[in-house]
2 protein chains.
Amino acid sequence: MSSPPTSDPRRTLTLRDVSEASGVSEMTVSRVLRNRGDVSGTTRERVLEAARRLGYVPNKIAGALASQRVNLVAVIIPSMSNMVFPEVMTGITETLEDTGLQPVVGITNYQPDREESVLYEMLSWRPSGVIIAGLEHTEASRAMMAQAGIPIVEIMDIDGTPVDSAVGISHRRAGRQMAEAIIAAGYRNIAFLGTMMPYDHRARKRLEGFEDALSKAGLAMVDREFYSGGSALLKGREMTEAVLTRSPNVDFLYYSNDMIGAGGLLYCLHKGLDVPGQIGLAGFNGVELLDGLPIRLATMDACRHEIGRRAAEIIAGKTHGGVIGGDIIELFPTLQRGDTIRG
Amino acid sequence: MSSPPTSDPRRTLTLRDVSEASGVSEMTVSRVLRNRGDVSGTTRERVLEAARRLGYVPNKIAGALASQRVNLVAVIIPSMSNMVFPEVMTGITETLEDTGLQPVVGITNYQPDREESVLYEMLSWRPSGVIIAGLEHTEASRAMMAQAGIPIVEIMDIDGTPVDSAVGISHRRAGRQMAEAIIAAGYRNIAFLGTMMPYDHRARKRLEGFEDALSKAGLAMVDREFYSGGSALLKGREMTEAVLTRSPNVDFLYYSNDMIGAGGLLYCLHKGLDVPGQIGLAGFNGVELLDGLPIRLATMDACRHEIGRRAAEIIAGKTHGGVIGGDIIELFPTLQRGDTIRG
DNA sequence: CTCGGATATGTTAGCGGTAACGGCCTGACG
DNA sequence: CGTCAGGCCGTTACCGCTAACATATCCGAG
């Protein structure tokens with residue numbers, strides 16, 4: 001039943017409390033806590049002890065306002081349940097780890113107006129940089145980013161014009177490459193299975209590149225099937241059944257992502273189809289999950305981890321007094337043939 | 001080539017800029033932008049127009065400092081690539097959506113000291129509440145949370161003593177329940193396959209509950225296998241092979257999560273084993289992915305979405321002037337027998 | 001016409017830190 | 001013994017915004 005040292009017990013502590021408890025000025029406490037400027041060893045000890053004893057947690061809001069420095073990096077991505085963005089995040093986090101910078105995530109659910117409001121909200125906290133997925137944004141979003149006066153890195157995609165910097169792969173090229181490999185393997189009746197893509201621009205670009213290569217070879221997509229929402233694995237299974245029923249002559253299934261591809265693969269194996277002889281399959285992303293499947297789905301690694309790493313490096317570099325110029329870094333995904341393309 | 005209205009073109013804008021551009025005081029601008037207090041229609045229009053034209057983004061740092069209110073909720077979880085936490089996040093986000101509160105995520109990678117530093121970092125931004133996974137924290141972490149003077153909700157687990165509120169399930173009971181169902185189905189030679197769990201307390205508690213029920217029935221675990229890192233699906237496959245090779249008499253495989261369970265299931269099916277006659281399997285979590293498998297793995301739904309929802313409701317309620325009392329909300333997972341337990 | 005009370009806008013004083021600068025003291029050096 | 005650099009610590013003035021209060025304006029009732 002001891003009473004607290006001074007005043008209100010539940011008031012949150014400030015520098016002044018630590019200052020009084022340790023008998024030095026607030027400024028000195030601030031210096032100790034930030035490890036900046038010269039403070040004698042004994043004073044430092046006294047201050048640290050007092051801070052620890054009181055359970056003082058600095059107020060970064062006040063600190064940021066005074067110093068005009070915020071150690072946050074806004075990361076704006078469409079989704080987290082996607083298996084692709086967690087890995088990008090890992091790359092970002094790793095790289096930022098020892099720069100004093102901290103990522104803060106915002107989710108847009110692939111909705112441009114939601115992206116705009118998330119961006120607005122994040123910018124209002126004056127972060128040191130922005131990492132944002134994709135090159136397609138609303139006019140207002142682009143304007144905000146251009147105005148913000150901080151490094152902006154648009155990631156995943158480089159088929160377009162970034163506001164500032166960009167790190168990613170060419171999805172159009174990725175689609176084309178996959179198509180070429182499939183054609184070279186002798187498949188001719190190719191179907192596409194993928195997301196409904198009003199706003200999944202990267203899936204759209206892959207499809208465009210893919211169809212481009214098909215038509216160059218005098219071919220056209222034989223069938224296509226779209227989905228949205230639900231368990232991707234299950235959707236892959238269902239869509240595959242639908243396509244194979246509707247178009248029995250199909251000899252290749254190109255999926256817009258690995259998850260539905262995996263579902264499709266499981267379905268084909270279950271039905272006892274000869275993969276890759278009778279029918280071939282390919283996905284996109286190179287997700288870890290594929291390693292656990294009975295046979296390995298053909299895919300393309302989207303360089304997710306490195307994209308995160310490189311983007312974070314750009315932010316960190318510019319924050320610590322780098323140049324202003326916008327860099328465009330293109331990465332090159334590798335085609336993994338797996339066991340589902342013959343040849 | 002027009003020059004900017006005043007001074008430095010790249011300086012970030014403040015209320016004063018909007019104030020000057022619209023000919024009213026900063027205070028009035030502030031009122032308009034926050035939709036608070038009485039402002040005439042014409043003034044409001046003029047201010048909004050000016051703000052839009054200039055591309056003004058308010059500085060929440062200054063706002064928060066002045067108003068002593070921060071619309072952020074700290075959410076601290078072990079991992080994002082886990083399939084379980086994204087769904088909790090969805091529940092949180094949904095519920096917070098129209099409260100003006102915004103979740104901010106921190107990741108601990110199951111490391112207590114990392115949790116401590118993430119917590120410290122987040123508390124230094126003075127959030128309106130904290131949602132944190134688990135009941136086990138360092139002494140310092142518990143002290144910080146107790147001191148913070150804001151609502152704290154510990155989620156996922158209720159087998160223990162929360163700092164303030166808690167929302168979750170009893171993992172011990174969940175393990176026990178699963179064991180009872182398995183025993184009732186007539187399986188007797190049961191093996192456990194799961195994560196190495198220095199800090200995955202929930203997996204540990206499930207195992208404890210499970211073994212508890214086994215021993216009550218006069219049984220003991222026949223074999224066990226642990227993993228850490230890597231593709232869970234693949235690990236499930238590998239561990240299953242290891243166990244079945246080492247202990248051919250095993251007739252049930254209890255997995256600590258659905259992902260490795262799915263890997264094991266695929267392995268068993270691939271080997272042509274009779275599931276669930278010859279061998280049974282069960283996982284934990286009720287992840288969506290299972291819907292896409294050839295047959296449905298037995299599992300227990302961990303109520304992830306509802307946990308997120310309820311936790312967010314507690315925070316929102318207390319923030320908007322609710323009571324202080326710590327609530328403990330227990331949810332009850334449902335056993336989904338699927339097709340991998342006979343009977 | 002006067003006056004009370006909305007309604008609309010401005011003024012002042014911080015919020016809790018930090019940058020910048022200044023003062024004091026010590027010890028080395030000419 | 002004066003001087004001065006450098007270590008150590010305090011003072012002052014904000015950072016950009018908002019709470020609280022003060023002031024002006026307008027309207028209709030009495």
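Within every chain, numbering begins at 1; the chains are lettered A, B, ... in the order of the sequence lines, protein sequences first and strands thereafter.
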What is the distance from [atom1] of [X] to [atom2] of [N], rounded to the nearest Å?
X	N	atom1	atom2	result
B:R16	D:dC14	CZ	P	12 Å
B:R31	C:dT9	CZ	P	9 Å
A:M27	C:dA20	CE	C1'	9 Å
A:R36	C:dT18	CZ	P	9 Å
A:W125	D:dC17	CH2	C1'	12 Å
B:D17	D:dC17	CG	C1'	13 Å
B:Q68	D:dA20	CD	C1'	14 Å
A:E26	D:dA13	CD	C1'	14 Å

Strictly below 4.0 Å: does [X] bring a side-chain N or O up to OP1 or OP2 of [N]?
X	N	value
B:R34	D:dA19	yes
A:T14	C:dC15	no
A:R44	D:dC9	no
A:T28	D:dC8	no
A:S67	C:dT18	no
A:Y56	C:dG17	yes

Report yes or no: do [X] and [Y] form a side-chain donor-acceptor pair below 3.5 Å?
X	Y	value
A:S40	A:R44	no
A:R34	A:S30	yes
B:S128	B:K318	no

Checking side-chain contact (heavy atoms from CB on, under 4.5 Å) against A:I77, which of A:V105, A:I131, A:V84 comes through? A:V105
Nearest-nucleotide 5' precedence on DNA chain C, B:G37 against B:L65: B:G37
Would you mind telling me which residue lines up with the more 5' stretch of DNA chain C, A:A62 or B:G23, judged by nearest nucleotide? B:G23
Selected nucleotide, minimal atom distance to B:S40 side chain, candidates C:dG10, D:dC17, C:dT9: C:dT9
Where the side chain of B:D38 is concerned, which of C:dG10, C:dA8, D:dC15 is the nearest nucleotide? C:dA8
What does A:R69 touch in the nucleic acid at a heavy-atom separation under 4.0 angstrom: a base, only the sugar-phosphate, or nothing? sugar-phosphate
Mind checking if A:N59 touches a base, just sugar-phosphate, or nothing, with heavy atoms under 4.0 Å? sugar-phosphate
Which of B:E115, B:R142, B:E116 passes side chain to side chain donor-acceptor pair (under 3.5 Å) with B:H137? Answer is B:E115
